[in-house]
2 protein chains.
Amino acid sequence: MGDRRQRQDLGVLLFVANRALEQRAFDAVVAAGITDITLAQARVAARIGPDGTRVSDLAEQARVTKQTAAFLVEQLERAGYVERVPDPTDGRARLVRLTAHAGPVVRAADAEVQRVLAEWAEHVGEERLDQLHEILRDLRDVTDPWR
Amino acid sequence: MGDRRQRQDLGVLLFVANRALEQRAFDAVVAAGITDITLAQARVAARIGPDGTRVSDLAEQARVTKQTAAFLVEQLERAGYVERVPDPTDGRARLVRLTAHAGPVVRAADAEVQRVLAEWAEHVGEERLDQLHEILRDLRDVTDPWR
DNA sequence: CGAGTTAGACAGATTATCTGTCTAATCTGG
DNA sequence: CCAGATTAGACAGATAATCTGTCTAACTCG
């Protein structure tokens with residue numbers, strides 16, 4: 001018994017962990033002197049793939065509407081962090097890509113994520129952090145209908 | 001090698017899992033006919049304890065400012081889902097409590113969370129779902145400076 | 001080719017969120 | 001027990017994020 005009740009807070013735990021990581025990464029970007037970007041913009045930018053990603057896909061992955069994603073991409077474009085190029089495989093679509101100007105942002109964020117993960121591993125052990133990763137990866141089949 | 005790169009997406013995995021659970025719970029509430037509540041409001045409401053919780057604490061737990069939390073609580077109060085009573089132990093504070101009117105919402109959400117967790121257990125196994133819970137709980141020491 | 005679908009743009013409205021300031025109540029050290 | 005520091009929350013104002021709805025151009029498939 002108690003099992004059910006205990007698990008009720010899994011949502012909170014997921015939220016807290018996610019938010020802590022996100023906040024640390026964002027704070028590191030700000031600490032690196034980049035202040036013309038917001039958290040919501042960063043969330044979307046973080047999902048841009050190496051070869052560019054469509055606005056629709058960004059919207060799906062960030063769980064916002066196309067309109068919202070398009071709005072945020074527009075801000076990022078205006079600030080010079082991304083560019084939109086025609087998708088050669090689909091005349092309707094445009095690929096959003098990171099520009100060279102985004103390099104420092106990406107590096108600052110990635111470095112901080114590494115640091116946070118190191119702290120987490122320090123706290124719960126490498127092995128269990130790996131387990132966490134694996135379980136969540138498996139869970140993705142159920143939690144992420146899209147990809 | 002590869003280890004680092006692999007783990008980079010832990011943030012995404014946490015996000016996806018959290019969002020899936022949250023969305024399912026919220027959709028269930030809407031499906032139960034409760035449509036005068038928003039996701040942001042529900043997020044705050046979900047953190048109200050059985051004996052009431054202060055706005056400041058709700059703000060901390062939901063990771064928003066006091067002002068934002070107060071605003072959302074105000075909407076909830078207006079819709080009759082919560083009430084604010086003076087905190088007997090602190091003259092400055094007021095406790096936000098769920099009203100009887102919130103009962104159906106809580107039940108609908110809780111029931112759906114149970115269902116989702118059952119699906120997750122189905123997919124990755126009871127044991128691993130327990131592991132996930134434990135690891136995240138341990139991690140909370142590091143990810144949740146407050147509580 | 002034609003019906004249905006998809007990508008994204010455009011317009012308009014609402015909601016969520018923040019910074020800043022203020023008052024009242026509480027806590028703390030002398 | 002008082003003065004300064006802190007905390008809870010209210011109030012005001014501004015901005016950012018997000019949604020629903022509609023439209024056009026481009027793709028897909030039978």
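First the proteins, then the strands, lettered A, B, ... as listed; each starts at 1. Only heavy atoms go into these numbers, but all of them, side chains included; no hydrogens, no water, no symmetry mates.
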- Task: Using the closest heavy atom to pick a nucleotide of DNA chain D for each, name whichever of A:T65 or B:Q67 lands nearer the 5' end.
- Result: B:Q67
- Co-membership, hydrophobic cluster, residues A:V12 and A:V124, 4.5 Å side-chain: no
- Task: At the 4.0 Å heavy-atom cut-off to chain B, mark where contacts on DNA chain C begin and end, going 5' to 3'.
- Result: C:dA16 to C:dT26
- Send over the distance from B:F71 CZ to D:dA17 C1', rounded to a whole Å. 13 Å
- Query: With no hydrogens and no angle check, is any side-chain donor or acceptor of A:T99 less than 3.5 Å from a backbone partner on A:G80?
  - Reply: yes
- Query: On the ring face of A:F15, is B:R43 found with NZ or CZ under 6.0 Å from the centre and within 45° of the axis?
  - Reply: no
- Query: Expressed in angstrom and rounded to an integer, what is the separation of B:L95 atom CG from D:dA8 atom P?
  - Reply: 12 Å
- Candidate nucleotides D:dA17, D:dC19, D:dA8, ranked by approach to the side chain of A:Q41 - the nearest: D:dA17
- Indicate, with a heavy-atom threshold strictly under 4.0 Å, whether B:T68 touches base, sugar-phosphate, or nothing. base
- Check the distance between D:dC19's P and A:R63's CZ and give it to me in whole angstrom. 13 Å
- Integer-rounded Å distance: D:dT15 P and A:D36 CG: 17 Å
- A:E122 atom CD: more than 12 heavy-atom contacts under 6.0 Å: no
- In whole angstroms, the gap separating P of D:dT6 from NZ of B:K66 amounts to 14 Å
- Send over the distance from A:Q75 CD to D:dA17 P, rounded to a whole Å. 7 Å
- Hydrophobic cluster identity match, B:V44 and B:V30, side-chain contacts under 4.5 Å: yes
- Look at the side chain of B:R140 and the backbone N and O of B:L136, then say whether any donor-acceptor pair between them is shorter than 3.5 Å. no
